[in-house]
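Some notes on the structure that comes next.
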Amino acid sequence: MQVIQQKLAGSTAQLTGFLHQPDENAHQTTLPAIIIVPGGSYTHIPTGQAETLAMAFAGHGYQAFYLEYTLLGDQTPLELAPVLDLGQAMQLIHEKADAWHIDTDQVTPAGFSVGGHVVALYNDYWSTKVADQLAVKPATLRPQQVILGYPVISPNLGFPKDAATVATWSGTPDLIAAEKHVSADNRPTFIWVTADDPIVPATNSLAYATALAQAKIPYELHVFNHGPHGLALANEQTAWKADANQPHAAHWLTLALEWLRTNQI
């Protein structure tokens, strides 16, 4: 397996990838790709958890990446800077597709917690604001689908709890309320969350799923009955406390992989 690290132009962001050589005996020439967009409250990137999530998908035949995006320590207010970082990562994957053996019709951003906020906004804006600000054709930015794990969707839905923090995210909070900007260009979306998440209320996921349903965008939503925030794989490997080892919620990965297969072209 080849490990690559690529800085993104004009940004502090970095893309790290774990790349397979396609198996010629399995008649492979290209592989699907996943881009993990981790959480961290826009203050830090939990790289260990991001790598573990990426490797989980790599073990199922994906060219797996994780994105270290612009944080509050780099720019305040953030506005759409992390979303543009994801756009640059998508563009880079298209540019390097031959060298990295990637099927550009099968690239999936997967965001967790505030990383889910980045991916949900990207799902809303990839064909408009992101394409315009990066001055590229939308085709090079189009995800096949997206995955959201216990995502922040809007600063109006319970996280963050104080107006001062919201102001560091954006001067116009409605701009980053992802459920308000779903359109016909949104891509199929897989969402999972726990009903009793004490940090980011499940109402975030429910609001985004409702917006997708109203726009007639295909989606799949799994609300598991229990689990703390930040579950990642929800198993012993990523359990940051005893209660974060949740075998029932850990089924999300199998369900997501099944869902991804149903969406393959």
Side-chain angles (χ1 to χ4, degrees), residues 37-46 67 69-87 109-130 132-133 143 146-217 219-231:
V37 185
S41 298
Y42 288 127
T43 62
H44 66 286
I45 299 288
L67 177 65
Y69 48 84
T70 303
L71 300 172
L72 289 168
D74 306 312
Q75 175 181 319
T76 306
L78 274 175
E79 301 300 347
L80 294 180
V83 182
L84 297 176
D85 292 337
L86 180 53
F112 299 81
S113 191
V114 294
H117 188 224
V118 175
V119 173
L121 288 169
Y122 186 82
N123 198 17
D124 294 348
Y125 289 142
W126 65 270
S127 64
T128 53
K129 291 183 183 299
V130 179
D132 291 344
Q133 293 195 44
V146 305
I147 294 173
L148 305 176
Y150 41 92
V152 175
I153 292 298
S154 168
N156 303 318
L157 293 172
F159 184 88
K161 296 184 181 298
D162 61 291
T165 301
V166 173
T168 67
W169 288 19
S170 177
T172 51
D174 278 356
L175 175 73
I176 59 169
E179 82 284 6
K180 295 185 178 182
H181 303 285
V182 172
S183 74
D185 285 345
N186 279 63
R187 304 299 298 148
T189 303
F190 180 98
I191 310 169
W192 73 277
V193 68
T194 57
D196 59 352
D197 186 320
I199 305 297
V200 178
T203 48
N204 282 262
S205 295
L206 299 175
Y208 200 66
T210 298
L212 292 168
Q214 290 172 342
K216 296 182 171 52
I217 303 298
Y219 73 95
E220 183 164 322
L221 171 66
H222 295 274
V223 182
F224 297 99
N225 66 316
H226 173 65
H229 189 68
L231 283 177

[X] and [Y]: which non-hydrogen atoms are nearest, and at how many Å?
X: Pro160; Y: Val166; result: CG-CG2, 3.6 Å
X: Pro82; Y: Tyr42; result: CG-CE2, 4.0 Å
X: Val200; Y: Ser113; result: CG2-OG, 4.5 Å
X: Gln133; Y: Leu80; result: NE2-CD1, 4.3 Å
X: Ala177; Y: Ser154; result: CB-OG, 3.5 Å
X: Tyr219; Y: Ala213; result: CE2-CB, 3.7 Å

From [atom1] ([X]) to [atom2] ([Y]), nearest 0.5 Å:
X: Tyr208; Y: Leu221; atom1: OH; atom2: CG; value: 13.0 Å
X: Asp85; Y: Leu67; atom1: CG; atom2: CG; value: 6.0 Å
X: Arg187; Y: Ser127; atom1: CZ; atom2: OG; value: 10.0 Å
X: Thr70; Y: Leu84; atom1: OG1; atom2: CG; value: 8.5 Å
X: Leu121; Y: Leu175; atom1: CG; atom2: CG; value: 7.5 Å

Query raised in the report: Could you go step by step and tell me if Glu79 and Thr172 meet the side-chain contact (heavy atoms from CB on, under 4.5 Å) rule?
Result: CA-CA 8 Å; Glu79 301 300 347; Thr172 51; 4.3 Å; yes
For [X], all residues meeting ring-ring contact (aromatic ring centres under 6.0 Å, His included), sequence neighbours excluded:
X: Tyr125; result: His181
X: Phe159; result: none
X: Tyr69; result: none

So does [Y] get a backbone contact from the side chain of [X], meaning a donor-acceptor N/O pair under 3.5 Å?
X: Gln75; Y: Pro77; result: yes
X: Asp196; Y: Gly227; result: yes
X: Asn204; Y: Ile153; result: yes
X: Thr43; Y: Gly40; result: yes

Do [X] and [Y] have side chains that get closer than 4.5 Å, going by heavy atoms?
X: Pro143; Y: Trp126; answer: yes
X: Thr194; Y: His226; answer: no
X: Trp169; Y: Leu72; answer: yes
X: Ile199; Y: Tyr150; answer: no
X: Leu86; Y: Pro109; answer: yes
X: Val37; Y: Phe112; answer: no

Query raised in the report: Sequence neighbours excluded, which residues qualify as side-chain contact (heavy atoms from CB on, under 4.5 Å) partners of Ala215?
Result: Val182, Ile217
Query raised in the report: Can you tell which of Leu212, Ile147, Leu206 makes a side-chain contact (heavy atoms from CB on, under 4.5 Å) with Ile191?
Result: Leu212
Report task. Consider only side-chain N and O atoms of Thr189 and Asn123, and report whether a donor and an acceptor are under 3.5 Å apart. Result ->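 There is such a pair (donor and acceptor under 3.5 Å, judged by atom type) between the side chains of Thr189 and Asn123.
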Query - Residues in side chain to side chain donor-acceptor pair (under 3.5 Å) contact with Glu179, at least two apart in sequence or another chain - result: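 Expected list: none.
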Report task. Give the C-alpha distance, both sets of side-chain angles, the deciding distance and a yes or no for side-chain contact (heavy atoms from CB on, under 4.5 Å) between Val130 and Tyr122. Result -> CA-CA 8 Å; Val130 179; Tyr122 186 82; 4.0 Å; yes
Requested in this report: Name the orientation class of the two ring planes belonging to His222 and Phe190 (parallel below 30°, tilted from 30 to 60°, perpendicular beyond 60°).
Outcome: tilted
**Report entry** Qualifying salt bridge (charged side-chain N to carboxylate O under 4.0 Å, His left out) pairs with a residue from residues 162-174, counting only residues at least two apart or across chains
**Finding:**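 Found Asp174-Lys180.
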